[in-house]
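Below you'll find the structure, written out as structure tokens, and then a few comments.
Keep in mind that the numbers below use all heavy atoms, side chains included, and drop hydrogens, waters and symmetry copies. Per chain, numbering begins at 1; letters A, B, ... match sequence-line order.
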Amino acid sequence: MKQNRFWSFLFLAIGVLYFLLPLIGTFEFSLKMRRGVYSLDAYEAVIFDPRFQATFGYSVMMALATIVVGVLLVVPTAYWVRLKLPSWRPVLEFVTLLPLVIPPIVIVFGYIRLYNTSSWLPLTGTAMGTNILLMFGYVVLSLPYMYRAIDTGLRAIDVGTLTEAAQSLGAGWITIMWRVILPNVFVAVLSGAFLTFAIVIGEFVLAALLNRPAFGPYLQLIGANRAYEPAALAVIAFAITWGCMALIQVVSRFAPRPPAQPH
Amino acid sequence: MSDPFLSIRQVRKAFGPTVVVQEFNLDVKQGEFVSFLGPSGCGKTTMLRIVAGFEEPSAGTVNIGGKDVTALKPNQRNIGMVFQAYALFPNMTVAGNIGFGLKVAGKPATEIRSRVGEMLDLIKLQDFGNRYPYQLSGGQQQRVALARAMAPRPQVLLLDEPLSALDAKVRVSLREEIRAIQKELGITTVFVTHDQEEALSMSDRIVVMYNGCAEQVGTPFEIYNRPATRFVAGFVGTLNVIEGTITDPTAGTVSIAGGAVSVGNRVAGRKAGEAVSLALRPEAIALGRREGRDGLVKGTIREVSFLGSVIRVRVAVGEALLSLDTFNNPASPPPVAGETAEISFSSSDMLILDR
Ligand SMILES: Nc1ncnc2c1ncn2[C@@H]1O[C@H](COP(=O)(O)OP(=O)(O)O)[C@@H](O)[C@H]1O
Ligand SMILES: [Mg+2]
């Protein structure tokens, strides 16, 4: 037993070092902009850079739009498949996994071919059209996470019987979705939303190839041209991601608890 | 008879090639409590779901309050439904659950509040309005589910094995409570159960179902004492079956192991020498001779179970093993296995099982 525990601790320690050392190194480096002392100069330079503000703001807006569209797409779909087409669930699982398997670069070239200015739907012809295209691209990229989060949420409640209970009380589909299903998977929706947020904020390939002023390409630009600022940006990006994860933990405390089931 | 309030006509339901309900006809009067009783898989839930609108019948019609509702969706039928699994909305308080139907119907908040209060009084959970379902016991959850179903004043209340998930004590007290509430509100009710005791104790009438058919419709008294088919006789209550041979159809005599009995005109029209199955409830058989009992056979006591106030005795008569119940008598010791005994019964209590 003792032996066992020693080895587990050792491997845990190696894992933690492997993960933390680069972070600590980056953080330490990001504080060294001013010669000889630790300072937040690099952070100041980054945060007051108007391009940072513009690109970060753009990506936040894109993330919010992606979340709204993703939730509106995935919640009814996952609900309907669970309720009426359970045999289709494996198909849906497979489809929602595809974005993990197909590289974003393939997706974006596909988009550019399909929606270029000489196509039947020339989305890339205008900035707004490209924004919409990018947003849908993000919906696709976040699909594996969004779908799984929401499907897990739906599994925790008895979708079929709750739906029938609501119907027998006179509720139509919109009322059922809005008052019964959504509140009960709300925490799952939020965790899907935070994951989506984290993905969209750091995404590079789609935004760069569609040539939109997003935060990802800005990170890359700064990284290629500066020394200390990229380190500060990396730490900020990490902090955002971790903040999202922490928020998932916090909100899951407020989940409506399913009552004890019979049997 | 006044017009039926709920009327089920020639309903048939098949899932693909499997026929689950067939030839189902039933009229339920306003305020009546009717149970569907039958073994698991006989189509009770399916029939109830057809009334609720969750399943579409393959043929036939359902009328509620004189209106054909067969084509209506569940949310247009004004029915209340209680499920075995309670199915309370986990995100809403008890009050929120009870008020849900009224809210959906767009009732003003003050009306909802007073109706919710009334319903909480009715289910005796006055102080539980602000609790969440996970803070309630199974019995309490089911009472809330009942209140939720009744709050919008539905035309018909449908319950699908609402007590099956509860433990025995709660089950008995809640069934009395449900019946009392049903009578107080006078709501037309269909109650599905596989538990004969539940059906017998609660219902105005029982529909005994078997293989998707209504085998018999009648009061608990009729179902128990005058079962129409062999299945009903065997499914409801304990039954002793005695195989006999008709000796004289006009006189109504049947020979059985250990003696002969007379069943009056109930075998008239059948042939001498034909086999016939006779049946008796345990409480219709007595140990020893009794005044006014015309059936008398000899047998051997095989088993004596002392159950307290009742002693159940099994007596072998020919091939058959008959169960009978006698009351415990502190002044005389119970019978002993191995003794020979005479048993007596009234031939008019005897059931003839033809099919
Ligand atoms: N949706 C369905 N598809 C196919 N068969 C079904 C379906 N629902 C019920 N059945 C079948 O119909 C029969 C009756 O079911 P049910 O009405 O639930 O019986 P009960 O409630 O009396 O136990 C069962 O054999 C069941 O397998
Ligand atoms: Mg059932």
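With a 6.0 Å radius and a threshold of 12 heavy atoms from other residues, nucleotides or ligands, B:Phe15 has its CZ atom above the threshold. Within a 6.0 Å radius of CD in B:Glu56, other residues, nucleotides and ligands contribute 12 heavy atoms or fewer. In this structure, A:Phe136 places its CZ atom where only 12 or fewer heavy-atom neighbours from other residues, nucleotides or ligands lie under 6.0 Å away. A:Met61 CE: 12 or fewer foreign heavy atoms inside a 6.0 Å radius. Heavy-atom neighbours of B:Lys13 NZ from other residues, nucleotides or ligands within 6.0 Å: above the threshold of 12. Within 6.0 Å of the CD atom in A:Glu93, the count of heavy atoms belonging to other residues, nucleotides or ligands exceeds 12.
For chain A, the nearby parts of B:Arg148 are the backbone and the side chain; heavy atoms of each come within less than 4.5 Å. For a residue to count as touching a neighbouring chain, one of its non-hydrogen atoms must lie under 4.5 Å from one of that chain's; by this rule B:Ala151 does not touch chain A. Proximity to chain A (any heavy atom under 4.5 Å) is shown, for B:Tyr132, by neither the backbone nor the side chain. When heavy atoms are compared at a cutoff of 4.5 Å, B:Leu88 approaches chain A solely by way of its backbone atoms N, CA, C and O. Both the backbone and the side chain of A:Thr161 come within less than 4.5 Å of a heavy atom in chain B.
Residues of residues 163-170 of chain A that come closer than 4.5 Å to chain B, counting heavy atoms only, are A:Glu164, A:Ala165, A:Ala166, A:Gln167, A:Ser168, A:Leu169, A:Gly170, ordered by residue number.
Nearest heavy-atom pair across A:Leu162 and B:Ala87 is CD2-O, 3.5 Å.
For the pair B:Asn91 (side chain) and A:Pro183 (backbone), a donor-acceptor distance under 3.5 Å is absent.
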